[in-house]
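A quick write-up on the structure given underneath.
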Amino acid sequence: MIKNLYEDDLGYMVGTFYSDILGYDIEVRYDKELSQKYVEKNIYYFNNLEQEFLVSICDALRRYYENYEKLYPDLCEDLPTDILNDFEENPTSILRYVKIGVYRFHKCSKEDEEIPVINLGGDCEWAGDAGITIAAKNSQLLYVGRWDNFNIWNSGTNRIFNYAMPQSNL
């Protein structure tokens, strides 16, 4: 499942895997103390997300885009005008405007290895240098927003830029 796996200069295991959801290869990076079996179990989980949970991620991406557009309209002038055109009919259409570069894993306890996690980082069409992070634990969306060195097991974040929660909860 993980291709081209090697240990980098910082002691992390690095490889790639194909994302069935996104349709391209993503880098995977994890602490070498974690088992490859744990990482691959989470890749399988990500590639087989329940549709309802995937739609909740896409809803959060929409909130991130809409808020960015409100805050920085001048930066959005050159964006594709169709980002949300198909959203109501097909919420996953917004994923065409997201380019995930890495799926990260941090150290955790052996007991926590039973909990499925998502910790994706990359770029999105609308946020420029701000990038994007999508993080979830046990099928609960924890964070969607600007790039953040998010640690699933120590999840303190700046709520002002967290679009994982509906607007009314921000």
Side-chain angles (χ1 to χ4, degrees), residues 1-65 87 90-127 129-159 161-165:
M1 177 179 297
I2 299 175
K3 302 176 284 190
N4 306 318
L5 189 61
Y6 67 95
E7 184 176 340
D8 72 4
D9 295 340
L10 300 174
Y12 290 97
M13 300 305 295
V14 179
T16 60
F17 73 95
Y18 183 78
S19 168
D20 295 328
I21 289 176
L22 299 170
Y24 52 82
D25 282 344
I26 296 175
E27 180 181 282
V28 61
R29 176 177 293 271
Y30 61 95
D31 189 286
K32 67 181 177 182
E33 293 177 24
L34 292 173
S35 74
Q36 185 174 338
K37 181 179 176 184
Y38 163 71
V39 173
E40 288 183 343
K41 181 174 68 170
N42 280 283
I43 290 170
Y44 179 84
Y45 164 74
F46 173 63
N47 274 335
N48 294 281
L49 285 178
E50 291 183 18
Q51 185 66 20
E52 184 178 328
F53 187 55
L54 181 58
V55 168
S56 72
I57 292 170
C58 294
D59 282 336
L61 290 170
R62 178 186 46 79
R63 287 190 294 275
Y64 181 22
Y65 168 71
F87 190 84
N90 178 17
T92 60
S93 65
I94 198 167
L95 294 174
R96 291 188 303 249
Y97 302 96
V98 174
K99 178 65 176 162
I100 298 301
V102 66
Y103 193 161
R104 294 182 309 255
F105 294 88
H106 294 93
K107 289 182 194 178
C108 64
S109 69
K110 287 291 182 195
E111 298 82 36
D112 286 339
E113 287 186 10
E114 298 303 314
I115 300 170
V117 297
I118 297 172
N119 194 354
L120 306 169
D123 297 315
C124 56
E125 194 76 33
W126 58 87
D129 292 341
I132 191 164
T133 293
I134 301 169
K137 179 170 51 174
N138 207 18
S139 298
Q140 180 178 0
L141 199 54
L142 300 175
Y143 182 83
V144 173
R146 295 175 177 205
W147 186 89
D148 186 324
N149 191 16
F150 196 89
N151 184 331
I152 292 290
W153 309 110
N154 181 17
S155 58
T157 64
N158 185 348
R159 289 190 62 188
F161 295 114
N162 186 358
Y163 301 98
M165 295 177 269

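Quick caveat: nothing in here was measured; it's all calculated off a predicted structure.
With contacts defined as side-chain heavy-atom distances shorter than 4.5 Å, the pair Val39/Met13 does not qualify. When side chains are defined from C-beta on, Phe53 counts as touching Leu141, because their heavy atoms get closer than 4.5 Å. Taking the side chain as every heavy atom from C-beta outward, Cys124 and Tyr65 never approach each other to under 4.5 Å. For the pair Tyr30/Tyr38, no side-chain contact is recorded, criterion being any heavy-atom separation below 4.5 Å from C-beta on. Considering only heavy atoms from C-beta on, Asp8 comes within 4.5 Å of Arg29 through its side chain.
Applying the 6.0 Å contact sphere to OH of Tyr12 captures no more than 12 heavy atoms from other residues, nucleotides or ligands. The environment of CD in Glu7 is crowded: more than 12 heavy-atom neighbours from other residues, nucleotides or ligands sit within 6.0 Å.
The two residues Tyr64 and Gly131 have their closest heavy-atom pair at OH-O, 2.8 Å. Taking all atoms of both residues into account, the shortest heavy-atom contact from Tyr103 to Val117 is OH-O, 2.5 Å. Annotation for Asn42 and Pro116: closest pair OD1-CA, 3.2 Å, computed over non-hydrogen atoms. Of all heavy-atom pairs spanning Phe17 and Met1, the tightest one is CB-O, 3.7 Å. Minimum interatomic distance between Val144 and Asn162 (heavy atoms only, all atoms of both residues): N-OD1, 3.2 Å. Considering all non-hydrogen atoms of both residues, Cys58 and Pro91 come closest at CB-O, 3.4 Å.
For the atom pair Leu22 CG and Leu120 CG, the distance stands at 7.5 Å (nearest 0.5 Å). Summarising the geometry, atom CD1 belonging to Ile43 is positioned 4.0 Å from atom CD1 belonging to Ile2; distances are rounded to the nearest 0.5 Å. From Glu125, atom CD reaches atom CD1 of Ile132 across 11.5 Å, with rounding to the nearest 0.5 Å. Rounded to the nearest 0.5 Å, atoms CD1 (Ile100) and OG1 (Thr133) are 8.0 Å apart. Here the OH-CG distance, from Tyr163 to Asp59, works out to 15.0 Å after rounding to the nearest 0.5 Å. In this structure, CG in Asp129 is found 13.0 Å from CH2 in Trp147, a value given to the nearest 0.5 Å.
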| said: side-chain contact (heavy atoms from CB on, under 4.5 Å), that's the test. Do Gln140 and Asn138 meet it? Break it down for me. | reply: CA-CA 5 Å; Gln140 180 178 0; Asn138 207 18; 5.6 Å; no
| task | Please report the C-alpha distance between Ile134 and Phe150 in whole Å, then the side-chain angles of each, then the deciding distance to 0.1 Å, and finally whether the side-chain contact (heavy atoms from CB on, under 4.5 Å) criterion is met. | result | CA-CA 9 Å; Ile134 301 169; Phe150 196 89; over 6 Å; no
| field | Asn149 vs Arg104, side-chain contact (heavy atoms from CB on, under 4.5 Å): CA-CA, chis, key distance, verdict | value | CA-CA 9 Å; Asn149 191 16; Arg104 294 182 309 255; 4.3 Å; yes
| Evaluation steps, side-chain contact (heavy atoms from CB on, under 4.5 Å), between Leu61 and Tyr97 | CA-CA 10 Å; Leu61 290 170; Tyr97 302 96; over 6 Å; no
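Figure legend: cation-pi geometry between Lys99 and Tyr24, with NZ or CZ positioned under 6.0 Å from the six-membered ring centre and within 45° of its axis.
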Under 3.5 Å, which donor-acceptor pairs link side chains of residues 105-115 to any protein atom two or more places apart or in another chain?
residue : atom : partner : partner atom : Å
Ser109  : OG   : Glu111  : OE1          : 3.3
Ser109  : OG   : Asp112  : N            : 3.2
Ser109  : OG   : Asp112  : OD2          : 3.2

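Within the structure, the side chain to side chain donor-acceptor pair (under 3.5 Å) test picks out the following pairs touching residues 43-53 (sequence neighbours left out): Tyr45-Ser139.
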